[in-house]
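Report on one structure; see the data block that follows.
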Amino acid sequence: IALHPVKDVEDHFIDEITISVDGKEVKKQKLKKQSNKKTEEIEVLIPEIKKGSEVSVKARCNEFGAKTETLKL
């Protein structure tokens, strides 16, 4: 879930989500509109994730840039 409040999900939205595991990109999803006015939600299966993996998720806005969050499991 990427928190991204907007007024119009078809005009201002998260347009790309990139997931990396241990520094290697494993999934990139391009989007044409946002799920709802508060968040973008996607569900993906990533078999590369193991105990001790470092997982980074980057969400890019079609208007203002990107934000990345990283979690070590």
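For the single chain, residues carry numbers from 1 onward in sequence order.
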query = Would you say D22 and K50 make side-chain contact, with heavy atoms under 4.5 Å?
reply = no
ask   = Linking I/L/V/M/F/W/Y whenever their side-chain heavy atoms sit closer than 4.5 Å, directly or via other members, would L71 and I1 fall into one cluster?
value = no
key: Straight-line distance of E63 CD to H4 NE2, nearest 0.5 Å   = 7.5 Å
query = Side-chain heavy atoms under 4.5 angstrom apart, residues restricted to Ile, Leu, Val, Met, Phe, Trp, Tyr: same cluster for L3 and L31?
reply = no
query = What is the distance from atom OG of S56 to atom CD1 of I19, rounded to the nearest 0.5 Å?
reply = 10.5 Å
key: Shared hydrophobic cluster for I46 and I17 (ILVMFWY, side-chain gaps under 4.5 Å)   = yes
Student check: side-chain heavy atoms of E40 and V9 closer than 4.5 Å = no
key: From CD (Q34) to CG (D8), nearest 0.5 Å   = 10.0 Å
ask   = Okay, side chain of E10, backbone of K33: is any donor-acceptor separation there less than 3.5 Å?
value = no
task = May I ask you to test the R60-D15 pair for a side-chain heavy-atom distance under 4.5 Å?
result = yes
inquiry  = Nearest 0.5 angstrom please: K51 NZ to K72 NZ, how far?
reply    = 11.5 Å
message = Please determine whether a side-chain nitrogen of the Lys or Arg among E16 and K30 lies less than 4.0 Å from a carboxylate oxygen of the Asp or Glu.
response = yes
message = With ring-ring contact (aromatic ring centres under 6.0 Å, His included) as the rule and sequence neighbours excluded, what pairs involving residues 38-73 come up?
response = H12-F64
key: Same apolar cluster (I L V M F W Y, side chains within < 4.5 Å links), I42/I49   = yes
ask   = How long is the gap from NZ on K58 to NZ on K67, to the nearest 0.5 Å?
value = 14.0 Å
